[in-house]
S.K.: 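Below you'll find the structure I mean.
Reminder, nothing fancy here: chain letters follow the sequence lines and each chain counts from 1. Just so you know, these numbers come straight off a predicted model, no measurement behind them.
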Protein chains: 2
Amino acid sequence: MARATIADVARRAGVSKGLVSLALNDRPGVSAETRTRIQRIAEDMDWRPNPAARGLSAGRAFALGLVVHRERHTVEVDPFFASFIAGVEEALSQDNRVLVLSVVTDADTEAETYRRLSKDRRVDGFLLTDFLTDDHRVALLRELDTPAVILGDPAENIPFPVVSRDYARGVESLLAHLAELGHRRIAHVTGDLQMQHASRRRDHFLTHCRALGLEALIAEADFSPERGAQATVELLDGDHRPTAIVYANDPMAIAGIAVAHERGLNLPADLSVAGMDGSDIGRYTYPSLTTLNNDPAGWGRQAAAVLLELIEQGEAADAALPGADLIIRGSTGAPA
Amino acid sequence: MARATIADVARRAGVSKGLVSLALNDRPGVSAETRTRIQRIAEDMDWRPNPAARGLSAGRAFALGLVVHRERHTVEVDPFFASFIAGVEEALSQDNRVLVLSVVTDADTEAETYRRLSKDRRVDGFLLTDFLTDDHRVALLRELDTPAVILGDPAENIPFPVVSRDYARGVESLLAHLAELGHRRIAHVTGDLQMQHASRRRDHFLTHCRALGLEALIAEADFSPERGAQATVELLDGDHRPTAIVYANDPMAIAGIAVAHERGLNLPADLSVAGMDGSDIGRYTYPSLTTLNNDPAGWGRQAAAVLLELIEQGEAADAALPGADLIIRGSTGAPA
DNA sequence: TTGAAAGCGATACCAA
DNA sequence: TTGGTATCGCTTTCAA
């Protein structure tokens with residue numbers, strides 16, 4: 001019942017442990033014949049390398065780390081992570097690696113967690129989500145000398161590979177769609193602008209509004225439905241009331257729809273609303289939510305692949321996912 | 001820069017490695033004086049045990065496993081896990097353990113993942129969420145001889161400790177609330193009835209409807225907004241149209257609200273709606289969602305604590321979380 | 001109470 | 001191409 005060790009395999013094959021190691025790791029220095037024989041025996045014995053032993057010897061963990069930092073009140077509303085992790089999984093399990101996940105609710109614990117996982121060699125590298133405009137984790141991970149891959153589109157030059165996804169075109173399609181419907185004054189409720197993808201989205205919004213000759217309003221929020229609702233109230237009460245509001249994510253858009261309904265507005269006639277997450281729940285709101293599609297599993301797969309390459313090869317190229325596309329549903333229409 | 005090893009500590013303390021090990025693990029056989037001296041030196045050198053070495057020697061991983069099985073289309077809508085994991089974290093980090101998370105989208109991969117994590121000793125035990133009425137994982141984990149803790153309230157006698165939370169009282173409060181408002185015919189849209197907490201909730205619903213003299217309708221769904229919407233359509237189209245619908249989770253309730261709005265119903269006058277998740281987004285729908293509260297972080301903390309005790313002590317008692325309470329918001333009112 | 005040494009299961013180097 | 005052996009950092013056993 002106890003798992004076979006490399007010594008068992010060696011004994012049964014009548015060779016040394018070292019040779020078995022070479023054979024099973026596809027490394028040169030073993031005759032083809034011996035290699036296949038050893039491999040067959042190992043398979044036969046259902047041998048699998050012990051990660052602890054391997055890790056101790058090789059100084060590696062065969063694990064990737066993901067540290068998610070969420071404020072307590074924001075922690076639950078994230079349609080992104082489950083699919084993202086499922087995507088990561090696809091890249092890892094073949095290779096017998098695992099994902100170590102930590103969810104922390106304050107910045108000190110966050111830094112400490114990166115330190116601990118890295119110094120204890122619990123992971124070989126990190127996936128960096130929710131990248132900030134001036135992200136302290138870059139310096140931290142350089143100090144720790146730990147590989148990482150960044151999800152996003154940093155402005156600065158970063159010493160880590162980046163996996164990005166173009167939102168410019170998606171935002172442009174969305175604004176063109178609204179313009180075509182007849183909207184002229186459009187608002188954007190931002191995410192937490194410390195986050196790089198939030199500020200990017202705002203920039204895209206402003207750029208393409210200008211290009212399309214639209215009047216642009218900005219209301220700052222932080223991705224939480226609470227702040228999204230609050231920003232909506234401000235916009236609807238303001239002097240320059242927009243006919244359409246584009247939210248940086250879907251939960252805020254859903255909260256915005258609620259605020260509009262509460263005021264007796266008819267959607268989309270009195271107000272058009274759009275999100276940017278492509279979340280599934282947006283298909284089942286009323287009206288259903290126009291949004292940009294998303295591919296969390298794709299993010300996960302790609303990010304994990306790049307990180308693994310960085311860990312294995314010492315370097316890895318940036319990668320880009322297919323850009324965001326517009327999903328038109330019921331929440332956008334011609335203004336009354 | 002390289003981390004201090006136990007040998008470094010031993011050298012500096014002028015004792016043997018074995019003694020250091022005893023001292024730092026709070027085990028008997030070291031004089032109090034020597035122990036504190038060693039501990040001070042270790043702290044001074046910022047020594048931390050290497051998990052790989054420890055794991056290899058002790059045959060343990062110092063990690064807990066969580067395998068989440070979700071269908072592709074359900075994978076994103078879960079307000080539960082982020083907070084849950086944050087709670088688990090609180091119980092783990094002090095002790096220098098980690099959580100290994102896997103998200104899988106089919107049953108074969110699920111079983112294989114449990115096998116792999118257990119046999120490779122990547123984890124010392126599992127947290128079993130979404131427990132099924134007749135859960136195949138029980139047999140699997142017995143076969144693997146791996147500790148586990150169950151979240152839920154299994155009917156059968158299970159060879160693992162259980163962390164449970166009473167929903168009977170919450171469901172009762174909810175139904176009493178509706179009865180008091182004047183509702184007489186109330187429907188319940190169920191979760192996936194294979195899941196033990198879904199069937200429990202249905203049972204509570206039926207029991208307390210009977211006790212309160214309410215007419216009860218059941219529409220079967222699976223926790224997904226899609227099926228929740230579909231069930232709502234059926235209920236509203238049926239001959240015995242209810243004046244209130246209680247959904248087994250909040251995402252389905254949100255989808256139900258959308259269906260009602262689409263038909264021009266006024267909520268709550270034409271239809272009262274309630275969820276059972278206490279999700280944050282439910283505060284920002286229109287109308288805001290009456291629901292039962294939840295404590296995912298509490299689940300995580302408690303489940304991790306019980307599992308750690310089981311791993312350390314070889315046995316652990318069941319635990320119960322404080323019961324669910326009713327949160328009355330705008331989506332329930334007197335029928336017109 | 002303490003020290004010395006033998007594992008745990010792999011990798012890696014040096015000889016043969 | 002192969003075998004033998006040291007090594008990774010810790011725990012544990014056996015003597016002293």
Side-chain angles (χ1 to χ4, degrees), chain A residues 1-39 41-42 45-63 95-97 119-122 124 311-312, chain B residues 1-39 41-42 45-63 95-97 119-122 124 311-312:
Chain A
M1 201 57 201
R3 206 129 189 119
T5 75
I6 204 170
D8 300 327
V9 177
R11 201 173 311 119
R12 189 117 97 87
V15 297
S16 71
K17 293 194 308 174
L19 204 58
V20 174
S21 178
L22 293 184
L24 263 15
N25 286 300
D26 277 322
R27 297 159 56 115
V30 194
S31 72
E33 189 190 10
T34 316
R35 181 185 306 269
T36 50
R37 192 166 57 86
I38 291 175
Q39 285 170 340
I41 290 176
M45 298 176 80
D46 193 27
W47 176 86
R48 294 267 295 288
N50 176 318
R54 222 214 286 227
L56 178 59
S57 176
R60 295 211 274 131
F62 302 97
D95 214 14
N96 218 28
R97 302 178 192 245
K119 290 203 167 186
D120 289 355
R121 287 221 165 282
R122 302 273 343 205
D124 300 317
I311 290 168
E312 293 304 319
Chain B
M1 201 57 201
R3 201 123 195 128
T5 75
I6 204 170
D8 299 326
V9 176
R11 201 173 310 119
R12 189 117 98 88
V15 298
S16 71
K17 294 193 308 177
L19 205 59
V20 174
S21 178
L22 293 185
L24 294 171
N25 287 301
D26 277 324
R27 298 161 56 109
V30 194
S31 72
E33 189 191 9
T34 316
R35 182 186 304 270
T36 50
R37 192 166 57 88
I38 291 176
Q39 284 171 341
I41 290 175
M45 296 176 82
D46 194 26
W47 176 86
R48 294 266 295 287
N50 176 318
R54 225 221 271 241
L56 179 59
S57 175
R60 296 211 273 132
F62 303 97
D95 215 15
N96 218 30
R97 301 177 193 247
K119 290 203 168 186
D120 289 356
R121 287 219 166 283
R122 303 281 328 212
D124 300 316
I311 290 168
E312 294 303 320

S.K.: Please tell me if the side chains of A:Asp26 and A:Gln39 come closer than 4.5 Å, counting only heavy atoms from C-beta onward.
M.R.: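 Yes, their side chains come closer than 4.5 Å.
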S.K.: Does B:Ser21 place a side-chain N or O at less than 4.0 Å from the phosphate oxygens OP1/OP2 of D:dT12?
M.R.: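 The answer is no; no side-chain N or O of B:Ser21 sits under 4.0 Å from OP1 or OP2.
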S.K.: Do you know the tightest heavy-atom contact between A:Ala61 and A:Arg121?
M.R.: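 Heavy atoms only, the tightest pair is CB-O, 3.1 Å.
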S.K.: Looking only at heavy atoms, what is the nearest atom pair of B:Ala13 and B:Ile38, with distance?
M.R.: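 Shortest heavy-atom contact: CB-CG1, 4.3 Å.
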S.K.: Expressed as a whole number of angstroms, how long is the span from A:Arg35:CZ to D:dT1:P?
M.R.: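 Going from A:Arg35 (CZ) to D:dT1 (P), I get 9 Å.
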S.K.: Got more than 12 heavy atoms from elsewhere within 6.0 Å of CZ, A:Arg35?
M.R.: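 Buried by this count: over 12 neighbours within 6.0 Å.
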S.K.: Looking only at heavy atoms, which two atoms of A:Pro28 and A:Leu22 are closest? And how far apart?
M.R.: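 The answer is O-CD1, 4.2 Å.
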S.K.: Could you tell me which non-hydrogen atom of A:Asp46 sits nearest to which non-hydrogen atom of A:Arg3, and how far apart they are?
M.R.: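 Minimum heavy-atom separation between A:Asp46 and A:Arg3: O-NH2, 3.4 Å.
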S.K.: Grab the two heavy atoms, one from A:Asp8 and one from A:Thr5, that are nearest each other, plus how far apart they are.
M.R.: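 Closest approach of A:Asp8 to A:Thr5, heavy atoms only: OD2-N, 2.8 Å.
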S.K.: Going 5' to 3' along DNA chain C, which are the first and last nucleotides with any atom under 4.0 Å from a heavy atom of chain A?
M.R.: C:dG9 to C:dA12
S.K.: Quickly work out the B:Lys17 NZ to D:dT7 P distance and round it to whole Å.
M.R.: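 Roughly 12 Å, once rounded to whole Å.
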S.K.: Between the two ends of the helix from C:dT1-D:dA16 to C:dA16-D:dT1, what is the bend in degrees, rounded to 10 degrees, where each end axis spans five pairs?
M.R.: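 That helix gives 40° between its end axes.
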S.K.: Between the side chains of A:Asp95 and A:Arg97, is the shortest nitrogen-to-carboxylate-oxygen separation below 4.0 Å, so that they form an ion pair?
M.R.: yes
S.K.: In terms of the nearest nucleotide of DNA chain C, which residue is placed more toward the 5' end: B:Leu22 or A:Ile6?
M.R.: B:Leu22
S.K.: Can you tell me how far C1' of D:dT13 sits from CG of B:Leu19, to the nearest Å?
M.R.: 14 Å
S.K.: Measuring to OP1 and OP2 of D:dT12, would you say a side-chain N or O of B:Arg27 lies under 4.0 angstrom away?
M.R.: yes
S.K.: Check the distance between D:dT12's P and B:Arg54's CZ and give it to me in whole angstrom.
M.R.: 10 Å
S.K.: Which whole-number value in Å describes the distance from B:Leu56 CG to D:dT7 C1'?
M.R.: 12 Å
S.K.: May I ask you to verify if any side-chain N or O of A:Ser57 is less than 4.0 angstrom from the OP1 or OP2 atom of D:dC8?
M.R.: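 For A:Ser57, the contact criterion (side-chain N or O under 4.0 Å from OP1 or OP2 of D:dC8) is not met.
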S.K.: Could you tell me whether A:Arg48 contacts a base, only the sugar-phosphate backbone, or nothing, with contacts defined as non-hydrogen atoms closer than 4.0 Å?
M.R.: sugar-phosphate
S.K.: Is the phosphate of D:dT11, meaning OP1 or OP2, less than 4.0 Å from a side-chain N or O of B:Asn25?
M.R.: yes
S.K.: Going by atom types only, do A:Arg54 and A:Asn96 share a side-chain donor-acceptor pair under 3.5 Å?
M.R.: no
S.K.: What does B:Val15 touch in the nucleic acid at a heavy-atom separation under 4.0 angstrom: a base, only the sugar-phosphate, or nothing?
M.R.: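 Touches sugar-phosphate only.
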S.K.: Does D:dC10 have OP1 or OP2 under 4.0 Å away from a side-chain N or O of B:Trp47?
M.R.: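 Checking D:dC10 against B:Trp47, a side-chain N or O does come within under 4.0 Å of OP1 or OP2.
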